[in-house]
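Here the structure is laid out as structure tokens; the discussion comes afterwards.
Counting starts at 1 for both ligands and their atoms, in listed order.
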Amino acid sequence: MRSEEKLFIQALRGQKTSRPPIWLMRQAGRYLPEYKEVRRDAGSFLDLCFNPELACEVTLQPIRRYGFDAAILFSDILVIPHALGQKLWFAEGEGPKLDALTGEADLDRLSVDKLHEALGPVYQTVGRLKESLPSETALIGFAGAPWTVASYMIEGGGTKDFMKLKKWAFGQPELFQRLIDLLVDATADYLIKQLDAGAEALQIFDSWAGVIPAGDLKRWSLDPILRIVDKVKTVHPSVPIIVFPRGVGLGYLSFAESEQLDCLSLDQSLPLSWARDNLQRKKTVQGNLDPVSLLVGGEHLESSVAAILSNLKDGPFVFNLGHGIIQYTNPDHVSRLIELVRRD
Ligand code: 1CP
């Protein structure tokens, strides 16, 4: 029965809730001293992602500390390239590094044969979380969207200009499509397994969709995401799915028009009244406090939260940031944020 559903799931189903549910992107991470402690003892970041006991522990840390309405599985979007056979490592303080794909021969070497074997520990983490989370807390599974995951695979890590990625997409679209197709299949299978193991909602992160020219947005962001969603919903028809096409501006409209999607995660560049009138009318929206506002705290935080609530709280809404929490954020600012959202 819907009325007995968790608050977060009610909001994703398009209902206006008694208060806005809240969770934060990257809510488990280096701004929490208890995370840093586990991280130090775990070995590498990938070792942490593939250790079900510790990954479960760091997922639970922000729930214990703050009582968020949803927990997000602790893993990373780059476990997919790793599971397809691409070399991945996390250089301390530098972010992810991969052996960059340079052409067709590298693509030919990727394979889905060992996908679930490699990702088995992630499914075990989901299973453990299912047993450990408080009954009112929803569990979110996630994956990166094909465009964003492809960006790391082709660039070999983070980038500022996305030149290698765009050279593939614009110059060799058939070859690039092969990579996208592979990622669609692998990602759909991965998300289905997360749901089989107990995840209750999904978020698909297209963190770099904003660098796609508007005319190509459908081909390289929306369509691959919709293909994943269709595959997932064939097996799990009622799972609510959140999509985060960060930075696409007016492109959010084409996502709002896609019926298979349940919720749009908004970045902080979107004007609130525009988002209310054009997006929230069609779907639940999630967002969109600037992570720097949370870092700064004080009056600025109070007024920014008030503006978001006054614009969005009368429709289906989940409070979140417009992008992941910054590692230098004072954990007390997060407590204050929760008070502000819940007192309303
Ligand atoms: O040393 C450390 O502790 C590593 C920091 C870290 C963490 C905590 C990385 C490396 N990944 C994660 C966890 C993570 N990544 C989660 C789960 C935890 C949670 O949200 O609480 C999630 C959902 C992600 C997703 C992710 N990874 C995205 C999409 C969201 C976003 O921020 O845009 C992206 C782009 C990545 C790649 C990645 N992994 C790690 C870093 C530092 C990055 C970003 C690199 C870059 O900016 O290009």
Going by atom types alone, do Asp332 and Ser335 pair a side-chain donor with an acceptor below 3.5 Å?
no
Determine whether any heavy atom of Ser207 lies closer than 4.0 Å to an atom of ligand 1.
yes
Spacing of CD1 belonging to Ile80 relative to CE belonging to Met153, to within rounding of 0.5 Å:
9.0 Å
Are any of the N/O atoms in Arg26 less than 3.5 Å from those in ligand 1?
yes
Counting heavy atoms only, name the option from Ser75, Gly141, Gly144 that's nearest to atom 17 (C) of ligand 1.
Ser75
Considering heavy atoms of the protein only, find what lies nearest to atom 22 (C) of ligand 1 and give residue, atom and distance to 0.1 Å.
Phe142 CZ, 3.6 Å
Would you say Gly95 has any N or O atom under 3.5 Å from an N or O of ligand 1, going by distance alone?
no
Please answer whether the main-chain N or O of Gln260 pairs with a side-chain N or O of Ser258 as donor and acceptor at a distance below 3.5 Å.
no
Of Asp76, Leu88, Leu46, which has the heavy atom at the shortest distance from atom 27 (N) of ligand 1?
Asp76
Which of the listed options, Gln61, Arg246, Arg39, holds the heavy atom that is closest to atom 2 (C) of ligand 1?
Arg39
Atom indices of ligand 1, in the order listed, that fall short of 4.0 Å to a heavy atom of His323:
31 (C), 32 (O), 33 (O)
Given Ile308, which of Asn320, Val341, Leu289 fulfils the side chain to side chain contact (heavy atoms under 4.5 Å, CB included) condition?
Leu289
Under 3.5 Å side-chain donor-acceptor pair for Tyr123 and His116:
yes
Thr329 side chain vs Tyr31 backbone, donor-acceptor pair below 3.5 Å
no
Under 4.0 Å from any heavy atom of Ile72, which atoms of ligand 1 are there?
19 (C), 20 (O), 21 (O), 23 (C)
Aromatic rings Trp208 and Phe162: how do their planes relate, parallel, tilted or perpendicular, breaks at 30° and 60°?
tilted
Nearest neighbour in protein (non-hydrogen) for atom 25 (C) of ligand 1:
Ile77 CG2, 3.7 Å
Option with minimal heavy-atom separation from atom 12 (C) of ligand 1, where the choices are Trp208, Phe205, Phe45:
Phe45
The one among Cys49, Gly157, Gly158, Pro96 that brings a heavy atom closest to atom 42 (C) of ligand 1
Pro96
Yes or no: does Gln327 have any heavy atom under 4.0 Å from an atom of ligand 1?
no
Using a strict 4.0 Å cut-off to heavy atoms of Tyr35, name the atoms of ligand 1 that fall inside it.
2 (C), 3 (O), 8 (C)
I need the minimum non-hydrogen distance between Ser132 and Arg128, along with the two atoms involved.
OG-O, 2.6 Å
Best match, Phe90, Trp23, Tyr152: closest heavy atom to atom 47 (O) of ligand 1:
Tyr152
Can the ring centroids of Trp220 and Phe176 be said to lie less than 6.0 angstrom from one another?
yes
Nearest-0.5 Å distance that lies between atom CZ in Arg227 and atom CG in Asp230:
10.0 Å
Give me the nearest non-hydrogen protein atom to atom 18 (C) of ligand 1 as residue plus atom name, then the distance to 0.1 Å.
Phe74 CD1, 3.9 Å
Does NZ or CZ of Lys87 come closer than 6.0 Å to the centre of the six-membered ring of Trp89, within 45° of the ring's axis?
yes
Which protein non-hydrogen atom lies closest to atom 5 (C) of ligand 1, naming both residue and atom, and how far is it?
Arg30 NH2, 3.6 Å
